[in-house]
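Have a look at the structure below before the remarks.
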Amino acid sequence: MTEVLDVRAMPDLGKDDAAWWRQAAVYQIYPRSFADSDGDGIGDLPGITSRVPYLRRLGVDAVWLSPFYPSALADGGYDVDDYRDVDPRLGTLADFDALVAALHGEGIRLVVDLVPNHTSDRHEWFREALTSPKGSPARDRYIFRDGKGPDGAEPPADWTSAFGGPAWEPVGDGQWYLHYFATEQPDLNWDNREVRDDFLRTLRFWSDRGVDGFRVDVAHGLAKQLPDELPTQAELDALPKDGTHPLWDRDEVHEIYAEWRAVFNAYDPPRTAVAEAWVQASRRARYASAEGLGQAFNFDLLEADFDAEQFREVITFNLELAETSGSSTTWVFSNHDVVRHATRYGLPPRHGSTDKHGGSWLLSGGTEPELDRELGVRRARAATLLQLALPGSSYLYQGEELGLHEVADIAPDARQDPAYFRNAGVDVGRDGCRVPLPWAREGESFGFGPAAAVMPQPDWFGDLSVEAQDGVAGSTLELYRDALALRRELQSDEDLVWVSTDDDVLAFRRSNGWLNVTNFGARTVALPAGEVLLSSVPLTDGRLPGAATAWLRTEV
Ligand code: GLC
């Protein structure tokens, strides 16, 4: 039985520090594969609570919790049945309160995932919509349209969903509903006042429970304006995404976030939010503005090759962009939607790259193209040190601190991602980065829980487990711990100055003299004068080898 703690009695995390998020290291937990406390093979909230000491020792400032709400898991929890409850397999609201208390007790903030673009098809609203007639208020909460042809037997349009297959689904009475993602994820109609009010209630519900912020799923998709005569998919694709597209990044979406901002600002400190918005870079600033969600993901480093020039461009551009919004930028290499960066960097350029929803298709079968595991991890360590030295927030994904690779060879019957099933296995989907974490060298689930994990783990997980790396000098886990501790100590204002070096090397300095040098090439290079604080691999006679990063303290 989890003890219920009173979150209000917990230490004050610094009410004055309304800007805590600007340069936070945020650790993403995919709850079903983090830690299983009750042996049902699925990770749960008490499992996370039991690992709070690990998170404190790791040194992260905040946790972002992927969806933990009741869900049939048609899309890994991004199909939400009830926005104001906990999936019984993951625990109870009391377990949630205990998690908040445990995190706050260690000075760690909590950001929860909010999925406003669509509910699940088991949500009470959708069930009501299905039993209600055409034109009813219940149907108006979603996007229903009459089918074409006799009896409406043909879809209103030929649109395809993000996971493959048609985006319109018939309900048997001549009407069809829009689901841009899986069939089980009907899109909400955000023109409906009741939808808006209910989400305001949800924001307050979690904020009142002590949640510090929200990660907003598909933030660019909420406002839709479908013309009577629907365009074809080809026509949709050809339309500019400049604020007028029927589905994406419409200007009116910011009216919704202005209402949310009023809720956030009613708390002390104000609740924060970060938008997952796949929009043109120039249009990110509005999502990130102080009148809007406050911060927006930039996935540009994630999409870059391990290449000095590409990194430099991305960094310069995003720091400039952050100035236009007044927000701080965000750096991400891995998350629950993409091939882990240790793996991407061990594949030939572009092979490990991602499209926006997974794109791990080039890893199909796990053997082609051949993965250079060591090079991948070495580069990932170098990239992560660079990331943690940058101004702005760093978002880290569970398991990357262990140097975990993508699990590429999951048997078809063990896969769960709709991105795999909806395209007949052409894209292997995102399960490979969602395999339950290895905590121990041995055991049925490598310490994930008392029994086997629902999703199988590969044999090589044991050697990368927390137990195998804990206290081992040079392990990836210890590198992350050292880097996160130093980052806290060295954290400076949000300025960055490039220091000139040769082509394959990127060096930048923060205002307080904290200098990051990353060698993207193969040659060993000299380091500038300064005290070396940390390096991603041992230096060679004081010089920086290829695919490596060093941090130095220099005179200002
Ligand atoms: C976001 C999530 C992804 C999910 C999709 C639909 O892109 O990150 O995991 O499948 O939205 O909710």
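Counting starts at 1 for both ligands and their atoms, following the listed order. We count residues from 1, following the sequence as given.
Heavy-atom proximity to Glu276, at under 4.0 Å, picks out these atoms of ligand 1: 1 (C), 7 (O), 8 (O). Residue-ligand proximity, Arg434 to ligand 1, at heavy-atom distances under 4.0 Å covers atoms 9 (O). The contact set between ligand 1 and Val218, taken as ligand atoms under 4.0 Å from a residue heavy atom, comprises 11 (O). Listed by atom number, the atoms of ligand 1 under 4.0 Å from His118 heavy atoms are 6 (C), 12 (O). Of all the atoms in ligand 1, the ones that sit under 4.0 Å from a non-hydrogen atom of Arg430 are 3 (C), 4 (C), 9 (O), 10 (O).
Screening Glu184, Glu169, His179 for a side chain to side chain contact (heavy atoms under 4.5 Å, CB included) involving Asp121 leaves a single residue, Glu184.
Aromatic pair Phe448/Phe446: centroids not less than 6.0 angstrom apart. Ring pair Phe126/Tyr142: centre-to-centre distance below 6.0 Å. In this structure, the ring of Tyr287 has its center no less than 6.0 angstrom from the ring center of Trp278.
No side-chain donor-acceptor contact under 3.5 Å links Glu128 to the backbone of Trp125. Of the possible donor and acceptor atoms, none in the side chain of Arg340 sits under 3.5 Å from a partner among the backbone N and O of Ser334.
At a heavy-atom cutoff of 4.0 Å, ligand 1 is contacted by the side chain of Phe163 but not by its backbone.
For ligand 1, none of its N or O atoms has an N or O atom of Trp278 under 3.5 Å away.
Ranked by closest heavy atom to atom 9 (O) of ligand 1, the top entry among Val216, Asp75, Asp337 is Asp337.
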